[in-house]
Amino acid sequence: MESTPSRGTEIAAAARDVGAVGAGMFLLGSSFGLLVVGSGLAWWWAPVFSGIVFAGSAEFLLVALAVVGTPLATVAVTTLLVNGRHVFYGLSFPLHRVRSRTGRAYAVFALIDEAWALATTRSAATLSGTRIVAGQVLLQACWVSGGVVGALAGNAFALDVPALDFVVTALFVVLATDAVRAGREATGPLLAVACALVARLVAPGEMLLVGMTLFVVALLVRYRLSARPEAADA
Amino acid sequence: MPDTGYLVAVVAVAAAITLALRAAPFALLTRLRSSPLVTYLGRHLPAGVMLVLVVHLLRDLPVDRPLLALRELVPVAVTVGVHLWRRHALLSMAVGTATYALALLVVP
């Protein structure tokens, strides 16, 4: 073994962190691969999207936009709206744990929902940079290989499975369930659902970004209120 | 069928914007790491962001047609239930998706 024991231990810990989430991403990736070939694109567009854009749910949307020849300006605005939530991820992602420049650059590039959820639901004190980056590499490997398998299977068998639409929802339901458990409070989650419903009513076309922004504003207001001594017990 | 040049441009535009969004907070907030506000957001953001995403994924739920709404909501409830019970993400997703496949057969 060339790697030091601690490095190997950290990579093993990353593999345990990724575990079921990685398997889920492989499955989700394979449904993305099915979508790519089902939309009439060559199979290798699945690894191109997943390798270079690497944005999970946004990739499903990009393929749908691309096959109807959507103007690039619209693609740009849609990507900005759907991935706008990533601006908030950097606030709490423990990037300072990653020391090498290459590692930091990759950690930012590969900061997907699942990587952020994994890194922020574990104590920053016990997370090493190696463990964070190795986890991200494993997540992308699962995602890209799932896409290749799904696209090749779709090519070979002309598969069409409508129930696969639900995989994305199931993934985020599971991530939300874990995050709500880890948060140990009900007010924040209720605020989030309320903000999302308001956004659905007032801005159905830009629901995701409006809902996220409302929720962050609501959290900031709540922080201000709870920071005041007289309101602390309210 | 879109041509290769256009698809390359789609990938390039989406990749550039996604990377810029992911890098922005680190470029702007390098010294805010230890602030109590950031700690607060780090604790309370994750659950809320995931819930906003879930509501977004269920945005086309036909609330005026209860049977069609239940076709989506029952698999969601099953996914949560299985996850709280076994805490195994892949199992929860598999059972939830299987329930949805069944629901599609029962309520076409």
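These numbers come from the heavy atoms of this one structure, side chains and all, not from hydrogens, waters or symmetry mates.
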Side chain, backbone, both or neither: which part of A:Leu214 has a heavy atom under 4.5 Å from chain B? neither

For the interface with chain B, which of A:Ala192, A:Ala199, A:Cys195 has the highest count of heavy-atom pairs at distances below 4.5 Å? A:Ala192

Sort A:Phe215 into side chain, backbone, both or neither according to what part of it lies under 4.5 angstrom from a heavy atom of chain B. side chain

Measure the CG-CG distance between A:Asp17 and A:Leu127 for me, rounded to the nearest 0.5 Å. 6.5 Å

With chain B, the option among A:Phe109, A:Phe54, A:Trp116 that has the most non-hydrogen atom pairs under 4.5 Å is A:Trp116

How many angstroms lie between CD1 in A:Ile112 and CG in A:Leu139, if you round to the nearest 0.5 Å? 5.0 Å

Go through B:Leu57, B:Val55, B:Val52 and name the one with the most non-hydrogen pairs under 4.5 angstrom from chain A. B:Val52

Check each atom of B:Leu58 against the heavy atoms of chain A and say whether the ones under 4.5 Å are side chain, backbone, both or neither. side chain

Which label fits A:Phe49 and A:Phe32: parallel for a plane angle under 30°, tilted from 30 to 60°, or perpendicular past 60°? perpendicular

At a heavy-atom distance under 4.5 Å, which candidate from A:Ala42, A:Gly69, A:Pro204 has the highest pair count against chain B? A:Gly69

If you look only at pairs with a residue in residues 62-83 of chain B, which of them pass as a salt bridge (Lys or Arg N to Asp or Glu O under 4.0 Å), with sequence neighbours excluded? none

Contact class of B:His83 relative to chain A, heavy atoms under 4.5 angstrom: side chain

Any donor-acceptor N or O pair under 3.5 Å, side chains A:Trp143, A:Glu114: no

Flag side-chain contact, heavy atom, 4.5 Å: A:Leu28 against A:Phe60: yes

Interatomic distance, OG1@A:Thr169 vs NE2@B:His56, rounded to 0.5 Å, equals 10.0 Å

For chain A, which residues from residues 6-20 of chain B lie under 4.5 Å away (heavy-atom distances)? B:Tyr6, B:Leu7, B:Val8, B:Ala9, B:Val10, B:Val11, B:Val13, B:Ala14, B:Ala15, B:Ile17, B:Thr18, B:Leu19

Contact origin within A:Leu41 toward chain B - heavy atom pairs under 4.5 Å: both

Within a 6.0 Å radius of atom CH2 on A:Trp44, are there more than 12 heavy atoms belonging to other residues, nucleotides or ligands? yes

Value rounded to 0.5 Å, distance of CE in B:Met93 from CZ in A:Phe172: 9.5 Å

With chain B, the option among A:Ala170, A:Gly183, A:Ala117 that has the most non-hydrogen atom pairs under 4.5 Å is A:Ala170

Keeping to residues at least two apart or across chains, list the salt bridge (Lys or Arg N to Asp or Glu O under 4.0 Å) pairs with something in residues 176-194 of chain A. A:Glu185-A:Arg222

Partners of B:Val74 by side chain to side chain contact (heavy atoms under 4.5 Å, CB included), sequence neighbours excluded? B:Leu70, B:Val78, B:Thr99

Between B:Val95, B:Leu91, B:Val82, B:Val76, which has the largest tally of heavy atom pairs under 4.5 Å with chain A? B:Val76

